[in-house]
Structures are given as C-alpha cells and as structure tokens.
Trainee: 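Quick one: structure below, then a few questions.
Count residues from 1 along the sequence.
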Amino acid sequence: MLDKTGTITIGNRKATHFYPAKGIDEKHFIQCAVLSSMADETPEGKSIVELGGVNPSNYEVENPKFIKFTAETRSSGIDFGTTHIRKGAYDAIKAMVEKVGNEFPITTTNDVNKISINGGTPLVVIENNVVLGAIELQDIIKPGIQERFERLRKMGVKTVMVTGDNPLTAKYIAEKAGVDDYIAEARPEDKLEYIRKEQRTGKLVAMMGDGTNDAPALAQADVGVAMNSGTQAAKEAGNMVDLDNDPTKLIEIVEIGKQLLMTRGTLTTFSIANDVAKYFAIVPALFILSIPALQGLNIMNLHSPESAILSAVIFNAIIIPLLIPLALKGVAYRPIGASALLRRNLFVYGVGGIIVPFIGIKIIDLLVGLFI
C-alpha cells in the first residue's frame, strides 16, 4: 500500500486554475481562496496565494481565526467576524453545504469532474456555506515509477494506492502510475481497516507513507516504510525510513528479502538432497556383505566399503568450499512469483543435489580404487 501524495507523486501540488461558480464574481472568489490559504504553509496553500496574485495582508481582516486541515474534516479555512470561509475536498465541502440545506451548484460539480478526469485534485471554496467555486491542483507522478511497479507485479506483489482524492482523480493517477488497485477518499481508519482485512486473509502487508494520517497504517502494517520527507509521526510509526523518498525502494526491500530466503532455501535444499544421495550411495556398499538383499540398491557398484567411505569424505571436503561463495554472494534473483521460484529451485538445486553426489562419489571412487 502506497500513499499517493509525496509517495507516488512528487507531492508539491500547485494551483493551476480558478473555476468560479455560476453567478459568483471571480475577484471575490479569488479573494476568499487566498484568505482561506493565509495560514496554509503547504505547497498547495502557498501556490493558491501565488496564483491569486494578491498579498493576503492587503485584505483587512480583524481577529482572524485560522482553521487547520485535519484528515477527518478534510478541509481548512478562516473565520473572522460573521464570515466563515472553508476550502477542502469536494465530498467534504458538499456535505457541509447540504447539511445546512444549501444547494451545491451543478456547474461546480462539472468543474470538479473535469479537473478530476484530467488527473488534478479539486478543492472547493465556500463562504458561509455558499459555494464560490473550485481550485485545480496538479501534481506530477514520479518518473519511471510505472516500470518499477511492473517489476513488483512480476514478483507477485500487489500494489494499492491510497489517497484522499475523489475516485476520478484516484483512477487517473492509478492508471498513470500502473498500480493494481486504489482506494479513493481514504481516511486514516480506512487505510487501517484495509490492512487488517488483508492480514486476516494471511497476507503480508507493507505500507509506505509520509503524513501524520498515515501513521496508524504504518504501525499496523507488517512492514512500515516512511518517506524521509514525511512527518515525525510517520517516521516513528514505520519500521524504516526511505532516505531517498522513492516508493519503488520497495523493490529493493523485496528483492533483498527474497534473495536471502532463496539463498537459505537453496543451500538447505541442496544439502538435504546431497545427504540423501550420499547415504543412498554409501549404505549399500557398506552393508552389502552382511545384507546381500542390498545388492539391488548398489547401483553405483563402488569398489569397496572402505573406498565408499573415503570417497564420500573427499567429496564433502570438495563440495563444502564450493558452496561458500554461493552462501556469501547469494542466489541471483529473478522477478518471478514465489511458486515459480520454488519450482525452479527444487528442480535446479534439489535434482542437482541428488545427481552431483552420485557422479562425484563415483569418479572419486574410481580414483581411490587404484590405490586400495
């Protein structure tokens, strides 16, 4: 699971266009948009002020009370006198407007849809629960991320984007980024519940995020990776911090983990198969005199019990040093699913672990037999 803003996208969303509602003066709409962003220190808030082209201090506002953004309300704004200005997500603002019995204009709904279809994030501005218009924010998807998600898919890892954006924007970004699924209009509890649901089915879940509202999900996930550019709460909740702010570092995390498991599994598989083959080769030669029935198993026809034991010891002395570089370097990793990896390793190292001792011990026995 990956948070969208700052993880899949660069995160510095900028306001690119104002869409005033029908019958609303554009200058008044821009003024309210700028006022609602006076105390907003995020890149989005600063860009709204910049796009408005007005210094907020030019507006005479007495005793302003700034309303900070929260993941629950998904809105922020300013109160002064009898004026209450809010800007926020479309669904959150629409709920505020309709709660007091006001109508949400169809023109603004159309503008919101147009912004969302083009991959932008719409913010709706209201004054005293009357819709003034929408602001378009645009973000940039991190370069090369689609190819990296494709590699994760080949590894058998499902990627899910979680975002507070509306479904249209989420769908656009998800398709551009190449993730397998997405959760739109997600609140912190939605992220948490999704992770718990996947964990209940026996899946391992990794979460990448950068915001304070990602902290519960980062703590719940089996692996929590916080962006280095993220909040302190996110960093403390995660298991590790990505210093490069690159969500596709999950590839390296998964590859290293799988390579460690593959190397251990490879050496274990080869060792077990190797021992089985050695004992199958040696036991008949050792006990064939006392148990003649073992003659049917003496397929290698070793020179004598003494040469069989000596050949096995010499083979061990040769094969163990040869396995040390493999143990230190690790098995080469290929981005394929777990079941395919299992089949491949069982075939290469399991079958190989059975065949190699037969050939090696027989060759050594032929040489040893010349001196016994």
Trainee: Between Lys46 and Ser37, is there a side-chain donor-acceptor contact under 3.5 Å, judged purely by atom types and distance?
Mentor: no

Trainee: Mind listing the closest non-hydrogen atom pair of Cys32 and Ile85 along with its distance?
Mentor: O-CG2, 3.6 Å

Trainee: Quick check for you: to the nearest 0.5 Å, what is the distance between Arg86 atom CZ and Ile78 atom CD1?
Mentor: 9.5 Å

Trainee: Indicate yes or no: at least one non-hydrogen side-chain atom of Leu123 is less than 4.5 angstrom from one of Leu137.
Mentor: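 The answer is yes, as the side chains (C-beta and beyond) meet within the 4.5 Å cut-off.
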
Trainee: Is there a donor-acceptor contact under 3.5 Å from the side chain of Arg153 to the main chain of Gly178?
Mentor: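 Yes; judged by distance alone, with no hydrogens or angles, the pair exists.
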
Trainee: Taking the side chain as C-beta and beyond, is there a heavy-atom pair between Tyr19 and Ile115 under 4.5 Å?
Mentor: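 Counting from C-beta outward, Tyr19 and Ile115 do come under 4.5 Å.
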
Trainee: Indicate whether any N or O donor in one side chain lies under 3.5 Å from an N or O acceptor in the other, for Ser271 and Thr268.
Mentor: no

Trainee: Any chance you could measure Asn213, atom CG, to Leu192, atom CG, to the nearest 0.5 Å?
Mentor: 12.0 Å

Trainee: Between His28 and Glu127, do the side chains contain a donor N or O and an acceptor N or O under 3.5 Å apart?
Mentor: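 Yes, His28 and Glu127 have a side-chain donor paired with an acceptor closer than 3.5 Å.
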
Trainee: Has Ser76 got a side-chain atom pairing as donor or acceptor with Phe69's backbone, closer than 3.5 angstrom?
Mentor: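 No; zero donor-acceptor contacts below 3.5 Å.
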
Trainee: Using the side-chain contact (heavy atoms from CB on, under 4.5 Å) rule, take Gln220 and Arg196 through it: C-alpha gap first, then chi angles, then the decisive distance, then the call.
Mentor: CA-CA 8 Å; Gln220 177 65 36; Arg196 286 172 176 167; 3.6 Å; yes

Trainee: Write down the atom of Ala327, the atom of Leu267, and the distance for their closest heavy-atom approach.
Mentor: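 Nearest heavy atoms, Ala327 then Leu267: CB-CD1, 3.6 Å.
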
Trainee: Would you mind reporting whether Asn274 and Val356 have side-chain heavy atoms less than 4.5 Å apart?
Mentor: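 A side-chain contact under 4.5 Å is absent here.
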
Trainee: Compare all side-chain heavy atoms of Phe149 with those of Asp180 and state whether any distance is below 4.5 angstrom.
Mentor: no

Trainee: For the residue pair Gly120 and Pro122, what are the closest heavy atoms and their distance?
Mentor: O-CD, 3.7 Å

Trainee: On a heavy-atom basis, which atom in Ala233 and which in Thr212 lie closest, and how many Å separate them?
Mentor: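 Scanning both residues, the minimum pair turns out to be CB-CG2, 4.1 Å.
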
Trainee: Please say whether more than 12 non-hydrogen atoms of neighbouring residues, nucleotides or ligands are located less than 6.0 Å from NZ in Lys14.
Mentor: no

Trainee: Give, for atom CG of Asp25 and atom NZ of Lys27, the distance between the pair rounded to the nearest 0.5 Å.
Mentor: 7.5 Å

Trainee: Using atom types as modelled and distance alone, determine if a side-chain donor or acceptor of Asp190 lies under 3.5 Å from a backbone N or O of Arg187.
Mentor: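 Checked: pair present.
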
Trainee: Please report the C-alpha distance between Met207 and Asp214 in whole Å, then the side-chain angles of each, then the deciding distance to 0.1 Å, and finally whether the side-chain contact (heavy atoms from CB on, under 4.5 Å) criterion is met.
Mentor: CA-CA 9 Å; Met207 170 73 191; Asp214 295 321; 4.0 Å; yes

Trainee: Passes side-chain hydrogen bond (donor to acceptor under 3.5 Å, both in side chains), Thr70 versus Thr73? Steps please.
Mentor: CA-CA 6 Å; Thr70 66; Thr73 63; 2.7 Å; yes

Trainee: Determine whether Arg13 and Asp165 satisfy the following criterion, salt bridge (Lys or Arg N to Asp or Glu O under 4.0 Å), listing intermediate values before the conclusion.
Mentor: CA-CA 13 Å; Arg13 292 186 294 190; Asp165 286 335; 3.6 Å; yes

Trainee: Distance from Ile309 atom CD1 to Asp365 atom CG, nearest 0.5 Å?
Mentor: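 Rounded to the nearest 0.5 Å, the CD1-CG separation comes to 11.5 Å.
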
Trainee: Do Tyr182 and Lys171 come close enough that some side-chain heavy atom pair is under 4.5 Å?
Mentor: yes

Trainee: Just checking, is any N or O donor in the side chain of Glu185 or Asn166 under 3.5 Å from an acceptor N or O on the other one?
Mentor: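 No.
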
Trainee: Does the pair Val125 and Phe29 meet the rule for a side-chain contact (heavy atoms from CB on, under 4.5 Å), with working shown?
Mentor: CA-CA 8 Å; Val125 179; Phe29 166 48; 3.8 Å; yes

Trainee: Using only atom types and a distance under 3.5 Å, with no angle test, would you say the side chain of Asp40 pairs donor to acceptor with the backbone of Ser36?
Mentor: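 Flag not set: sc Asp40 to bb Ser36 has no pair under 3.5 Å.
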
Trainee: Can you confirm whether Asn63 is buried at CG, in the sense that more than 12 heavy atoms of other residues, nucleotides or ligands lie under 6.0 Å from that atom?
Mentor: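 No, because the 6.0 Å sphere around CG of Asn63 holds 12 heavy atoms or fewer from other groups.
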
Trainee: For Asn129 and Met96: C-alpha separation, side-chain torsions, deciding distance, then whether side-chain contact (heavy atoms from CB on, under 4.5 Å) applies.
Mentor: CA-CA 7 Å; Asn129 291 310; Met96 289 183 193; 4.2 Å; yes

Trainee: Take a 6.0 Å sphere around NZ of Lys235 and say whether it holds more than 12 heavy atoms from other residues, nucleotides or ligands.
Mentor: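 Yes - once you tally the heavy atoms of other residues, nucleotides and ligands closer than 6.0 Å, there are more than 12.
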
Trainee: Under 6.0 Å from the CG atom of Leu366, do we count more than 12 heavy atoms belonging to anything else shown?
Mentor: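 More than 12 within 6.0 Å, yes.
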
Trainee: What distance do Gln138 atom CD and Glu44 atom CD have between them, rounded to the nearest 0.5 Å?
Mentor: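 Output value for this atom pair is 12.0 Å.
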
Trainee: Please determine which of Asp3, Ile173, Leu2 meets the side chain to side chain contact (heavy atoms under 4.5 Å, CB included) test together with Met161.
Mentor: Ile173

Trainee: Could you check whether Asn128 and His84, counting side-chain N and O atoms only, form a donor-acceptor pair closer than 3.5 Å?
Mentor: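 No - no donor-acceptor pair under 3.5 Å links their side chains.
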
Trainee: Can you see which heavy atom on Ile48 is nearest to which on Phe18, and at what distance?
Mentor: O-CZ, 3.9 Å

Trainee: Please indicate whether Glu26 has more than 12 foreign heavy atoms, meaning atoms of other residues, nucleotides or ligands, lying under 6.0 Å from its CD.
Mentor: no

Trainee: Please tell me whether Phe104 and Tyr90 form a close aromatic pair, meaning their ring centres lie under 6.0 Å apart.
Mentor: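 Centroid distance Phe104-Tyr90: below 6.0 Å, so yes.
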
